[in-house]
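Note that ligands are numbered from 1 as they come in the structure, with each ligand's atoms numbered from 1 the same way.
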Amino acid sequence: MGRMKILVANLGSTSLKYRLFDFSGGQERLLTRGGMERLTDHAPAIESCLAELRQGGWITRESDLAAVGFKTIMARGVNGCVRLDESVVRAMEDYASIAPAHNPPYIAGIRLFAKFMPGVPLVALFETAFYQWAPEAAMRYAVPEAWCQAGIRRWGFHGASHKFIAERSAEMLCRQDVAHRARQLYVDGGKSPVREPALRVVSCHLGGSSSVTGIRNGVAVGNSMGLTPQSGLPQNNRVGDLDVFALPFLMRSTGLTLEEAERLLCKESGLKALSGGYNDFRDIVARAEQGDGPAKLALDVYAHHIRHWIGSYFLQLNGLDALVFTAGIGENQAGVRTEICRDLDQLGLKLDPKLNAETKAREAVISAPESAVKIIVIPTNEELVVAREVRRFLQNPSTPSLNP
Ligand code: ADP
């Protein structure tokens, strides 16, 4: 295969991050990365990203890019790795109201890339892709069949990150068979052979948005996020799990409108609501250290819910081989890891306090030697997972996904 440069664009509501990979000659290299934050308009950011790639000599013309890959969130009736044509973008628009922090910036960004680089294929890997083989019982809500047919079920998110953890944790635990199965998942649906015993991993992606996934032999058994990325753990400013009857109760008793409720649940809830207005985890930790009650409560609620989900997968997986922490908070915040692992020695989990305190933004085993379960920090690499799938899609577009 000839030249194979793939740009992966990560679009947030106010940010654009990118990584450029080169898969030429069967190798796999990160050529460059960059990004911009605090954006009010994605168009100039995308233009300057492309200008940076040209000025750096990474590309000379748009046809130097084999594709642009996107870590898209969710779309009605679409899953896996697909070419971003107009019908897929419309299917993302259909779900914009249930992924309001995520789908609109992606839709806007994809349309801009299509305008700026009309000749370059745009390819999406949906965050829901990793859960296509999770057991039905883990993904169903107990709702009328017609609702389920309409898509009201658990989907699970952060698929690229948790898939990277599935692959990398297996390598670190010397289970190349499981790492291979995880890498081939979107090709054969998890059918590549593995030996006994099963490898049982719980992956905690803790960042601006957080979720916990149980993984058996490289394949997800479920995720703490359900229908939408607002669910599961308390998020930075999104609510996390909430009894659905709270909403009609408040609307009837206080006159809250649906639009205002949506805004409050998506922008003014989560850790921000608990901590008294703080969105960034570093601010919450700093305030808790100064003795601030709401900030301390926010940290306690966060750790409590993470433990809830770890416990759930500990049971579903019949025990654990590794507990993995990743993303901005999981990779950097030793104090959160301490809280999550507190008093679990009877279950075979014991942190090494020194290794834990020393580990920031790098790969390391942080459990004590006598801990039966390895506790590991692994910096995630979602863009690499997207780039690999995009490359695979370009090589064989006829088997992009194995939608159930
Ligand atoms: P996103 O979901 O937006 O990609 P990240 O994975 O970058 O989020 O995580 C963002 C969160 O991680 C923020 O709340 C931030 O406080 C925390 N974080 C990021 N980097 C660090 C760091 N170096 N030290 C401590 N906390 C960090």
Side-chain angles (χ1 to χ4, degrees), residues 8-19 33-39 70-74 99-106 109 127 156-165 203-213 223-225 228-240 266-267 269-289 292 295 298-299 301-303 305-306 324-340 356-364 366 377-386:
V8 177
N10 187 341
L11 291 150
S13 48
T14 62
S15 68
L16 166 69
K17 291 183 255 172
Y18 67 84
R19 292 191 195 192
R33 58 192 286 184
M36 282 137 268
E37 293 193 342
R38 299 177 208 276
L39 302 176
F70 297 88
K71 185 170 60 74
T72 45
I73 309 301
M74 65 189 309
H102 299 93
N103 273 19
Y106 263 106
E127 288 284 60
F157 296 91
H158 289 134
S161 179
H162 291 299
K163 183 170 189 287
F164 181 80
I165 299 305
S203 169
C204 303
H205 176 108
L206 310 179
S209 156
S210 303
S211 73
V212 178
T213 289
N223 176 249
S224 56
M225 282 177 168
T228 83
Q230 282 74 245
S231 57
L233 304 172
Q235 313 294 340
N236 57 348
N237 60 355
R238 287 166 286 130
V239 62
C266 291
K267 297 207 158 135
S269 296
L271 299 177
K272 185 177 179 188
L274 288 165
S275 68
Y278 295 89
N279 211 347
D280 193 292
F281 208 79
R282 282 165 283 206
D283 297 332
I284 301 175
V285 170
R287 291 186 65 81
E289 281 169 2
D292 182 77
L299 296 183
V301 171
Y302 188 57
H305 283 265
I306 294 164
V324 181
F325 291 104
T326 192
I329 296 167
E331 292 166 28
N332 293 292
Q333 296 280 359
V336 174
R337 299 191 298 245
T338 304
E339 276 311 309
I340 293 167
N356 182 39
E358 285 168 0
T359 301
K360 228 176 184 296
R362 68 180 167 87
E363 204 169 88
I366 57 171
V377 175
I378 301 178
T380 195
N381 196 341
E382 301 164 282
E383 289 83 1
L384 178 60
V385 170
V386 175

Closest candidate by heavy atom, reference atom 13 (C) of ligand 1, pool N10, D280, V336, D283
D280

Quick check: does A327 get an N/O under 3.5 Å from an N/O on ligand 1?
no

Strictly by modelled atom types, are T228 and Q230 linked by a side-chain donor-acceptor pair under 3.5 Å?
yes

Just let me know how N332 lines up against ligand 1, side chain, backbone, both or neither, with a heavy-atom cut-off below 4.0 Å.
side chain

What heavy-atom pair brings V377 and E331 nearest, and what distance separates the two atoms?
CG1-CA, 3.9 Å

In the structure I gave you, are the side-chain heavy atoms of I165 and T213 within less than 4.5 Å of one another anywhere?
no

In terms of ring plane angle, is the pair Y302 and F281 parallel, tilted or perpendicular, where the classes change at 30° and 60°?
tilted

Please list the nearest protein heavy atom to atom 1 (P) of ligand 1 with its residue and the distance rounded to 0.1 Å.
G208 N, 3.7 Å

Could an N or O of ligand 1 be found under 3.5 Å from any N or O of F281, whether backbone or side chain?
yes

Hey, does N332 have a side-chain heavy atom less than 4.5 Å from the side chain of K360?
yes

Around atom 25 (C) of ligand 1, find the nearest protein heavy atom and jot down its residue, atom name and distance.
Q333 NE2, 3.1 Å

Looking only at protein heavy atoms, which one is nearest to atom 4 (O) of ligand 1, and what is the separation?
K17 NZ, 4.1 Å

Contact with ligand 1 for H205, non-hydrogen, under 4.0 angstrom
no

Closer than 4.0 angstrom: is that true for some heavy atom of N236 and an atom of ligand 1?
no

So the atoms of ligand 1 within less than 4.0 Å of a heavy atom of S209 turn out to be 2 (O)

Do N381 and E383 make a side-chain contact, defined as non-hydrogen atoms from C-beta onward lying under 4.5 Å apart?
yes

Heavy-atom side-chain proximity of K267 to K272 below 4.5 angstrom
no

Scanning both residues in full, the closest heavy-atom pair of L299 with A288 reads CD1-CB, 3.6 Å

Heavy atoms only: which of T326, N279, I329, I284 is nearest to atom 11 (C) of ligand 1?
I329

Kindly identify the option in A286, P379, A334, G328 whose heavy atom sits closest to atom 18 (N) of ligand 1.
G328

